[in-house]
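Below, chain A is the first sequence line, B the second, and so on; all start at residue 1. Atom set for the values below is all heavy atoms of this structure, side chains included, hydrogens, waters and symmetry mates excluded.
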There are 2 protein chains.
Amino acid sequence: MRRVTLDDVANLAGVSPITVSRVLRKPDAVSQGLRLRVEAAVTELGYVTNVAASRLASSRSHAIGVIVPTLYNVIFAEYLFALHEVLIEHGFQLIVVNSRYSEIEEENAIKALLGQRVEAIIIAGVNHTTLSRQLLIQAHVPVVETFELSADPININIGMSQELAGHAATRHLLDRGLRRIAFLTGNLDRRAQSRLDGYGIAMEEAGLAGMNVIARIPRHSSVALGSDLFSEMRLRGDLPEAIFCTDDNLALGAMQECRKHGIRMPDDISIIGFHDLEFAACASPSLSSIATRRYETGKLAAEKVLASLNASTKSGVETFDLGFALVPRESTAG
Amino acid sequence: MRRVTLDDVANLAGVSPITVSRVLRKPDAVSQGLRLRVEAAVTELGYVTNVAASRLASSRSHAIGVIVPTLYNVIFAEYLFALHEVLIEHGFQLIVVNSRYSEIEEENAIKALLGQRVEAIIIAGVNHTTLSRQLLIQAHVPVVETFELSADPININIGMSQELAGHAATRHLLDRGLRRIAFLTGNLDRRAQSRLDGYGIAMEEAGLAGMNVIARIPRHSSVALGSDLFSEMRLRGDLPEAIFCTDDNLALGAMQECRKHGIRMPDDISIIGFHDLEFAACASPSLSSIATRRYETGKLAAEKVLASLNASTKSGVETFDLGFALVPRESTAG
DNA sequence: ATGAAAGCGCTAACAA
DNA sequence: TTGTTAGCGCTTTCAT
C-alpha cells in the first residue's frame with residue numbers, strides 16, 4: 001500500500017523524475033508530447049505531490065502562519081476571510097492557529113509555525129511574551145501585527161487605537177448629557193481592556209471619575225452574556241442611564257432584557273455597542289456602535305505580506321492606523 | 001542567514017544528530033547528562049525542528065485534514081472547537097480548509113490535504129464529486145463525514161437527518177393549527193435543502209401541498225438577511241401565519257422586523273428557527289428552535305479518528321445518528 | 001528541452 | 001544508552 005511517488009509516474013511515462021516534476025510545476029518548460037504522457041500517467045496513478053518532500057527540497061513552504069485568539073468570533077472570521085481571499089489566490093497555504101487569548105499558547109503557536117518554516121507570520125495583537133518577540137524577530141520573515149497599534153512594532157503593524165475608540169463611544173454618551181454610564185464586558189482581553197481604559201479616561205475628563213461602573217463576567221462574549229450582565233445590574237437595583245458594551249453581541253443581549261422588562265431605549269436607557277456587526281442596523285431600536293475595519297485589516301495585512309515577500313530588501317517598521325467610526329443610531333438618540 | 005539544523009545543535013553539544021533528535025522526541029531514552037547538554041544547545045541556538053524534514057523521514061505527518069464549507073458560521077466554529085480540543089491534545093495538527101460550499105473547491109481541498117499526507121480526513125457533508133469520493137477511498141486513511149446521514153458512507157458517518165428535523169419543525173407549527181407556513185432561507189446548501197424537503201413533506205402530509213411559501217435570497221445567512229426576507233414578504237402584503245427559518249439568525253432578523261411593525265409573536269405570527277443558538281433562549285419572545293449537536297459531532301468525530309488510527313485493523317463503515325431535539329418556546333406558544 | 005547527480009534535514013533500523 | 005548508515009521524495013544545479 002505504498003504511496004505513489006514521482007518515480008512511479010516517471011517510470012510509467014518513460015521519462016526522468018525531474019521531467020515529471022517540471023510538468024507539475026512549470027508545464028511550459030516541457031514539450032507537449034512529454035507533457036501529455038506525464039499527465040496521463042499522473043491521472044492513471046492518482047499521483048499527488050508529497051508536500052513535505054517538496055518543501056524540504058525547495059526550502060520553500062509556500063505557507064503563511066496566522067495566529068488569532070479564537071475562531072469563535074465573527075470579527076476574526078471576517079479578518080480570516082480577507083486573508084484567505086488574497087493569499088490563497090497567490091498560491092499560499094494558510095496555517096491558522098488559535099492562541100485562546102493566552103500569551104503562552106501564542107508562544108507555542110509561534111514555535112509550531114516556525115517549525116513549519118512559514119514564510120510570514122500574521123498575528124492578532126501586539127503584546128507578546130519576551131521569547132515570542134525574540135522568536136518573531138529572529139525568524140527573519142515578514143511579521144504583521146494587527147488590530148491594535150504598537151508603541152514598538154516588530155515589523156508591520158496594521159490596527160487602530162482601541163483606547164481612542166472606547167473614549168469616543170463614552171464621549172458620545174456623555175455628550176448626550178448622560179452621566180451614569182456602565183461598561184459591560186466579558187473576558188477582558190487586551191483590546192477590551194484598552195476600550196475600558198478609554199472609557200475611564202473619558203469619564204475622568206468629564207469629572208465623573210468616581211462614577212465608573214464596570215459589569216464583568218469572565219465568559220466569552222455572547223448575546224446570552226449580555227442578558228446576564230444586564231440582569232445582574234437590574235436585580236441589584238442599579239440600572240445606569242447608559243451602557244457601553246465591549247461588543248454588539250452584549251448590547252443585543254442587554255436590549256433583549258430591556259424589552260422584556262419594559263425599559264425603553266433610549267428614553268430610559270441608552271446603549272452603544274462595538275464593532276458595528278451586521279445586525280446593529282436592523283435591530284429595534286437600531287443600535288449605535290463603533291464601526292471597525294476587520295476586512296480591511298486582513299486585506300491590507302495580506303497585501304503587505306505579499307509585498308514584503310516580493311521585495312528584495314528587508315522592509316523596516318511600518319505602521320498603518322485604519323481608524324474607526326462612530327455610528328450613532330436610535331439606541332442613543334437623545 | 002542559514003536556519004539552525006539538528007547538526008548544528010549536535011556539534012555544539014558534542015553529540016550525534018540522532019541523540020538530539022531523541023532528546024526532542026523521546027527524552028526518556030537519553031541519559032540526563034547528555035539531555036541537559038543538548039537542551040542547553042537547543043536553547044542557545046534557538047533551534048526549531050523542521051517539520052517538513054521530520055515528516056519526510058518518519059513518513060508521519062501528525063496532521064489531520066478538516067474540510068468545512070465556511071468559517072463564517074458559529075455552527076462550524078463550535079464543531080472545530082471540539083475537534084481542536086480533542087485532537088491537539090493528542091499531538092495532532094489540524095489543517096482546516098474551507099470549501100466555500102462548492103464541491104469543486106472541496107475536491108481541490110481534498111487533493112491539497114492528501115498532498116500533506118494527512119492521517120485522517122474529517123469532512124462536513126456527505127455529497128462529493130465522483131473524483132472526490134474516489135480520492136477519499138483510495139487515500140486509505142480514516143474518513144469521517146459529518147452533519148448529515150449518508151445512504152452510502154465512505155467510512156465513518158456522524159450526523160443527523162436534516163430532513164426529519166425540517167419535518168419536525170414544520171409539524172410543530174401544523175400541530176398548533178397553523179396552515180399558512182413560510183420557509184425562509186438564504187443560500188440553499190445541501191443541509192438547508194434537506195430541511196426544505198422535510199418542510200415540503202410535512203406540508204403535503206397535512207394536505208397543504210399547494211400552500212408552500214418559500215422566501216429565499218441567495219446570500220449567506222445572517223440576522224440582516226432575516227430582516228430582508230421578512231420585509232420582502234411584508235411589503236408584498238403576503239404575511240403567513242407562521243415562519244420556519246433555516247437558521248436562528250434569520251429568525252432573529254424576522255423577529256426584529258415584526259417588532260418594528262407591531263406584529264405580535266406568537267399572536268399574529270409564530271416563528272421557529274433552527275440550531276438553537278445561544279441567544280434563542282434569551283430572545284424576547286424566546287425563540288422556538290431545533291437543537292442540533294455541533295459540539296458532540298466534533299467530539300465524536302475526533303474520538304473516532306483517534307480510535308481508527310490506534311486500531312491495527314482498518315475499520316468498516318459505521319454510522320452514528322446524533323439526532324436533534326425540538327425546543328418549543330414562546331415564539332410558537334399557540 | 002531533458003537528464004544525472006547531489007542533497008534538503010530529519011528519523012528508522014541496525015550496530016556497538 | 002549512543003552512534004552509524006541509509007534513505008524518505010522531492011528539487012536544485014549543472015550538464016548535455
Side-chain angles (χ1 to χ4, degrees), chain A residues 1-39 41-42 45-63 91 93 111-112 114-119, chain B residues 1-39 41-42 45-63 91 93 111-112 114-119:
Chain A
M1 214 53 90
R2 219 184 88 268
R3 277 280 170 62
V4 179
T5 69
L6 252 199
D7 287 25
D8 298 330
V9 178
N11 286 144
L12 181 60
V15 298
S16 73
I18 186 64
T19 299
V20 179
S21 177
R22 288 201 184 102
V23 169
L24 265 19
R25 291 176 304 122
K26 25 184 112 151
D28 295 341
V30 179
S31 67
Q32 187 177 354
L34 286 194
R35 185 171 63 232
L36 292 176
R37 251 159 63 202
V38 168
E39 282 166 352
V42 165
L45 295 176
Y47 171 75
V48 184
T49 304
N50 182 327
V51 176
S54 164
R55 289 181 177 178
L56 182 57
S58 68
S59 61
R60 282 213 59 180
S61 66
H62 290 283
Q93 184 204 347
K111 286 180 192 158
L114 293 179
Q116 307 263 4
R117 296 295 187 269
V118 291
E119 300 187 13
Chain B
M1 215 50 90
R2 217 183 89 269
R3 276 281 170 62
V4 180
T5 69
L6 252 198
D7 287 26
D8 298 330
V9 178
N11 286 145
L12 181 61
V15 297
S16 74
I18 188 67
T19 299
V20 179
S21 177
R22 288 199 184 103
V23 168
L24 265 19
R25 291 177 302 125
K26 25 184 110 152
D28 296 341
V30 179
S31 66
Q32 187 176 355
L34 285 195
R35 185 170 64 233
L36 292 176
R37 249 159 66 202
V38 169
E39 282 167 351
V42 165
L45 296 175
Y47 171 74
V48 183
T49 305
N50 182 326
V51 176
S54 166
R55 289 181 176 179
L56 182 58
S58 68
S59 63
R60 284 213 58 179
S61 66
H62 290 282
Q93 184 204 348
K111 287 180 191 158
L114 294 179
Q116 307 262 3
R117 296 296 187 267
V118 291
E119 300 187 13

The side chain of [X] lies closest to which of these nucleotides: [options]?
X       : options               : value
B/Leu56 : D/dC10, D/dG9, D/dT12 : D/dG9
B/Val15 : C/dC10, D/dG9, D/dG3  : D/dG3
B/Ile18 : C/dG9, C/dA12, D/dC10 : C/dA12
A/Thr5  : C/dT2, D/dC10, D/dT11 : D/dC10

N or O in side chain of [X] less than 4.0 angstrom from [N] OP1/OP2:
X       : N      : value
B/Tyr47 : C/dG9  : no
B/Arg25 : C/dA12 : yes
B/Ser58 : C/dC10 : no
A/Ser54 : D/dT11 : yes
B/Ser21 : C/dC10 : no

For B/Val118 and B/Ser61, which heavy atoms make the closest approach, and how far apart are they?
CA-OG, 3.7 Å
Restricting to non-hydrogen atoms, name the atom on A/Arg55 and the atom on A/Ala63 that form the minimum distance, rounded to 0.1 Å.
NH2-CB, 4.1 Å
To the nearest angstrom, how far is [X] atom [atom1] from [N] atom [atom2]?
X        : N      : atom1 : atom2 : value
B/Asp7   : D/dG3  : CG    : P     : 13 Å
A/Leu24  : D/dC10 : CG    : P     : 9 Å
B/Asn50  : C/dT11 : CG    : C1'   : 13 Å
B/His62  : C/dT11 : NE2   : P     : 10 Å
A/Leu34  : C/dG3  : CG    : C1'   : 11 Å
B/Arg60  : D/dG7  : CZ    : P     : 23 Å
A/Arg117 : C/dG9  : CZ    : P     : 8 Å
A/Gln32  : C/dA1  : CD    : P     : 13 Å

Atom pair CD (A/Glu39) and CG (A/Leu34), whose distance is rounded to the nearest 0.5 Å:
11.0 Å
So, taking the atom named OG1 in A/Thr19 and the one named CZ in A/Arg35, what distance separates them when rounded to the nearest 0.5 Å?
12.5 Å
First encountered from the 5' end of DNA chain D, between B/Ala53 and B/Arg35:
B/Arg35
Under 4.0 Å, counting only non-hydrogen atoms across every strand here, what does A/Ser59 touch: a base, just sugar-phosphate, or nothing?
nothing
Could you tell me whether B/Arg22 contacts a base, only the sugar-phosphate backbone, or nothing, with contacts defined as non-hydrogen atoms closer than 4.0 Å?
base
Any pair with a residue in residues 5-22 of chain A that passes salt bridge (Lys or Arg N to Asp or Glu O under 4.0 Å), sequence neighbours left out, goes on the list, sorted by first then second residue, please.
A/Arg2-A/Asp8
